[in-house]
There are 2 protein chains.
Amino acid sequence: MPAQNRPPSSGRSLEHPDRAEIRLEGVLHAFSDPMRLQIVRDLAAVEGELNCSVFDLPVSKSTTTHHFRVLRENGVVRQVYRGTAKMNALRRDDLESLFPGLLGTVLEAAGRQASRLAVPS
Amino acid sequence: MPAQNRPPSSGRSLEHPDRAEIRLEGVLHAFSDPMRLQIVRDLAAVEGELNCSVFDLPVSKSTTTHHFRVLRENGVVRQVYRGTAKMNALRRDDLESLFPGLLGTVLEAAGRQASRLAVPS
DNA sequence: CGGTTCGTACGATACTCATCGTAGTACGAG
DNA sequence: CTCGTACTACGATGAGTATCGTACGAACCG
């Protein structure tokens, strides 16, 4: 039985805020941690969803779980179990509809700052 | 001696980060508190600078001072003493140069959310 | 079944932060 | 010089959070 024909989530379910429950302050707070901003940038760099474990963060597994939960509870990412893996995807549509352009400008700002700091010059 | 002929700041000086020292995470963190977001919105609504005391925040004066300091230390506002008053102005140029469009999208997002929450419909 | 991998839950710790009240300083007006 | 206004500094407090290690659970592979 091919994996892609099974139900996407095999049991465990995660709490996600509705679109209407997402708060700007919460989203900004989620973005304001370097670790989480990095996660969001990585997630934005690909189109689909990413396994939790592809992120190479300089913190322990527990801490990584914590940061993903903050992102989820503030409506930034959607998480779903797929076998033993937990897939993560940005909630692009919800964010764009609530706060047009915000994700884009933040990502661009993060990119600019990364370039700026990378070149001591 | 007319007040407007004296130097703008009469002695006390405040610490401000250079443009190059402003960090995106810090700016986002400064924005992520409802009280501070309100201050930024009020400040953006006028062109010039605003006295601290025109803000009618539902917190004590000590707390207000604290929030203004966070905004200043993260490079969001420029503060200067003018007599007994402390004037506040957004650092529009610095923010725009570092993170183009960010201030605008955040302000628009805040406006949208305010309208959305005001109408329970 | 047993083992492996991936992620969670829980408890602990140390740090940050939003808030307050009180006391103090700087400035301008009288 | 004295008073009032505007804001700060300091200390306290309660809540949140970033971090960890260890122990557990759920799914897959033999």
Side-chain angles (χ1 to χ4, degrees), chain A residues 1-16 23 25-26 28-39 49-74 76-88, chain B residues 1-16 23 25-26 28-39 49-74 76-88:
Chain A
M1 180 181 185
Q4 54 270 31
N5 288 342
R6 264 176 287 132
S9 172
S10 6
R12 287 171 289 177
S13 66
L14 282 323
E15 285 283 319
H16 288 83
R23 291 290 173 274
E25 301 89 322
L28 293 177
H29 173 244
F31 285 166
S32 73
D33 181 277
M35 221 66 78
R36 290 193 291 262
L37 192 53
Q38 186 57 53
I39 293 176
E49 18 181 53
L50 280 184
N51 188 315
C52 266
S53 50
V54 309
F55 297 92
D56 191 23
L57 301 174
V59 293
S60 74
K61 272 196 312 178
S62 330
T63 306
T64 302
T65 297
H66 161 71
H67 285 307
F68 273 106
R69 175 165 38 195
V70 172
L71 288 170
R72 171 167 49 84
E73 289 177 346
N74 285 293
V76 177
V77 305
R78 176 89 59 187
Q79 297 186 294
V80 61
Y81 284 105
R82 214 180 295 287
T84 62
K86 188 162 73 169
M87 307 305 289
N88 302 272
Chain B
M1 181 182 189
Q4 55 271 31
N5 288 343
R6 265 176 287 133
S9 171
S10 5
R12 285 171 291 177
S13 66
L14 282 322
E15 285 284 319
H16 288 83
R23 291 289 172 276
E25 301 90 324
L28 293 177
H29 172 244
F31 286 165
S32 73
D33 181 277
M35 221 64 78
R36 289 194 291 262
L37 193 52
Q38 186 57 53
I39 293 176
E49 17 180 54
L50 280 182
N51 188 317
C52 266
S53 52
V54 309
F55 296 90
D56 192 22
L57 300 174
V59 293
S60 74
K61 270 202 308 178
S62 329
T63 306
T64 303
T65 296
H66 161 71
H67 285 308
F68 273 106
R69 176 166 38 195
V70 173
L71 288 171
R72 171 168 49 84
E73 289 177 345
N74 285 294
V76 177
V77 305
R78 175 91 57 189
Q79 297 187 295
V80 61
Y81 284 106
R82 214 179 293 289
T84 63
K86 188 162 71 171
M87 307 304 289
N88 302 273

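Side chains included, hydrogens not; waters and symmetry mates left out as well; all remaining heavy atoms used. Keep in mind the model is a prediction, meaning the values are calculated, not measured. Note on naming: letters A, B, ... go to the chains in the order of the sequence lines (proteins, then strands), and numbering restarts at 1 for each one.
Here the side chain of A:Asn88 pairs no donor or acceptor atom with the backbone of A:Gln79 at under 3.5 angstrom.
The nearest whole Å value for the distance from the CZ atom in A:Phe55 to the C1' atom in C:dC6 is 15 Å. Rounded to a whole Å, the CZ atom of B:Arg69 is 11 Å from the P atom of C:dC17. A straight line from CD of B:Glu73 to P of D:dA9 spans 10 Å, rounded to a whole angstrom. Separating the NZ atom of B:Lys61 from the P atom of C:dT22 is a distance of 13 Å, rounded to the nearest angstrom. In this structure, B:Tyr81 places its OH atom 16 Å from C1' of C:dG28, rounding to the nearest Å. Atom CG in B:Asn74 sits about 14 Å away from atom P in C:dT16, given to the nearest Å. We find that CG of B:Leu14 is positioned 12 Å from P of D:dC7, with the value rounded to whole Å. Rounded to an integer number of Å, the gap from A:Asn51 CG to C:dT5 P is 14 Å.
The line from CG of A:Asn74 to NE2 of A:His16 is 12.0 Å long, rounded to the nearest 0.5 Å. Rounded to the nearest 0.5 Å, atoms CD1 (A:Ile39) and NE2 (A:His67) are 6.5 Å apart. Rounding to the nearest 0.5 angstrom, the gap separating the NE2 atom in B:His66 from the CE atom in B:Met35 is 10.0 Å.
Counting atom types as modelled, A:Thr84 pairs no side-chain N or O with a base atom of C:dG7 as donor and acceptor under 3.5 Å.
Counting only heavy atoms from C-beta outward, the side chains of B:Glu25 and A:Arg36 never approach each other to under 4.5 Å. The closest side-chain heavy-atom distance from B:Met87 to B:Asn51 is below 4.5 Å.
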List, with names and distances, any nitrogen or oxygen atoms from the protein found under 3.5 Å away from nitrogen or oxygen atoms belonging to nucleotides 16-18 of chain D.
unit_1 : atom_1 : unit_2  : atom_2 : d
D:dA18 : OP2    : A:Arg36 : NH1    : 3.0
D:dA18 : OP2    : A:His66 : NE2    : 2.9

